[in-house]
Amino acid sequence: VFGDYDVDGAASAALFKRFFESVGALLDIYVPDRIAEGYGPNAPALLRMAESGVRVVVTVDCGTLAFEPLDAAAEALAENLDARRVGVFVCQEGHESLKLIASKDTQDNPAALKREFPLQGTRFHDCLESKQPLYTSNLKLGARGRMTLIECGLVSEVIVPIMGDDAPLGALSVARSRENGFTEDDIEFLGQAAIHFGTGMKNAMLYEELQHAYETLQKSQEQILQQERLSALGAMASGICHDFNNALTPILGFSEMLLKFNHTLVAEERNSYLQTISRRARDASQVVQRLRNFYRKRGERELFTGIQV
């Protein structure tokens, strides 16, 4: 059981171990070193487990996006099964094609596996359609469409569907270089491995869906926040325009009166008009100063204080 060093991971691993020991099964718990190994499954740890005889690893509270360790698991699986080639494929959107996500070829032959190919008319399609393992004991029989595999020295192959609930998520393909290369026990073991792959893929897909939903929600919140900011800015601009209009109206009015009736006004009236113009001009200046104070960069100790309006 590959656990984790936080509370969720420790509790999950302990429950898993306690349950299996209650039914007579023994298992070990592995918790990665937080400093040296970091979070989640890692390739060196999985390979050490394989060397010590471990054949099944269950991850708890981790592992949904551990793609590199998945490659390492495929490599270890190839060695433990004495397989020439192991490939893990995932169905693309619409289930019209398969994409390779992890592989191991013991002879490092890149032609042995295609990275992505159409599903229709292939052995993978027949396997996923039936939702049952597909065993080909001799690829040379009815070799049409299998020449690439045969040229690479592959003779027998097992394809196992990777299921998520009742829908296929992908496929596990294992091939050997000899005819009748797989026993019933081998095929059953691959079926169990595919179940674990299916759980991991399903969790990864759920994680991606949740991540997408979270990002969509975050964008919506940002848009709403931006709209609120624009609305507040509009209200502020409207208030500033109102203040300037209140200041400019008497300035313009009394200025026009001074220009038009200056020769008929007595000194007292003229001084009153000029005082009003001066006062309103200072009001406008204060509006500008308040704006400058509002937008200027503030120090850490200069904080706004909440008040009851």
Within 6.0 angstrom of Glu21 CD, more than 12 heavy atoms from elsewhere: yes

Whether over 12 other heavy atoms sit under 6.0 Å from Gln289 CD: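 Yes, the 6.0 Å shell around CD holds more than 12 heavy atoms from other groups.
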
Phe117 and Phe124 aromatic ring geometry - parallel, tilted or perpendicular at 30°/60° bounds: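 Phe124 and Phe117: tilted rings.
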
hydrophobic_cluster_shared for [Y] and [X], side chain cutoff 4.5 Å:
X	Y	result
Met163	Leu128	no
Val56	Phe20	yes
Phe244	Leu233	yes

ILVMFWY cluster membership beyond Leu265 - transitive side-chain contacts under 4.5 angstrom: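 Under the 4.5 Å side-chain rule, Leu265 groups with Ile251, Phe254, Met257, Leu258, Phe261, Tyr273, Leu274, Ile277.
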
Nonpolar side-chain network containing Ile35, other nodes, edges under 4.5 Å: none

Nearest heavy atoms of [X] and [Y], plus distance in Å:
X	Y	answer
Ala194	Ile162	O-CG2, 3.7 Å
Leu169	Gly198	CD1-O, 3.7 Å
Cys62	Pro41	SG-CD, 3.9 Å

Qualifying side chain to side chain donor-acceptor pair (under 3.5 Å) pairs, either residue in residues 217-229, two or more places apart: none

By side-chain hydrogen bond (donor to acceptor under 3.5 Å, both in side chains) - contacts of Thr122 (at least two apart): none

Within-4.5 Å side-chain heavy-atom neighbours: Arg290 and Val287: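 Yes. Closest side-chain heavy atoms under 4.5 Å.
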
Any Met49 side-chain heavy atom under 4.5 Å of Leu46 side chain: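 They are in contact (side-chain heavy atoms under 4.5 Å apart), so the answer is yes.
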
Which residues share a side chain to side chain contact (heavy atoms under 4.5 Å, CB included) with Ile187, sequence neighbours left out: Pro133, Tyr135, Val158, Phe182

Salt-bridge present (Arg280, Asp283; N to O < 4.0 Å): yes

All pairs passing salt bridge (Lys or Arg N to Asp or Glu O under 4.0 Å) where residues 196-218 contributes a residue, at least two apart: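 Qualifying pairs: Asp165-Lys202.
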
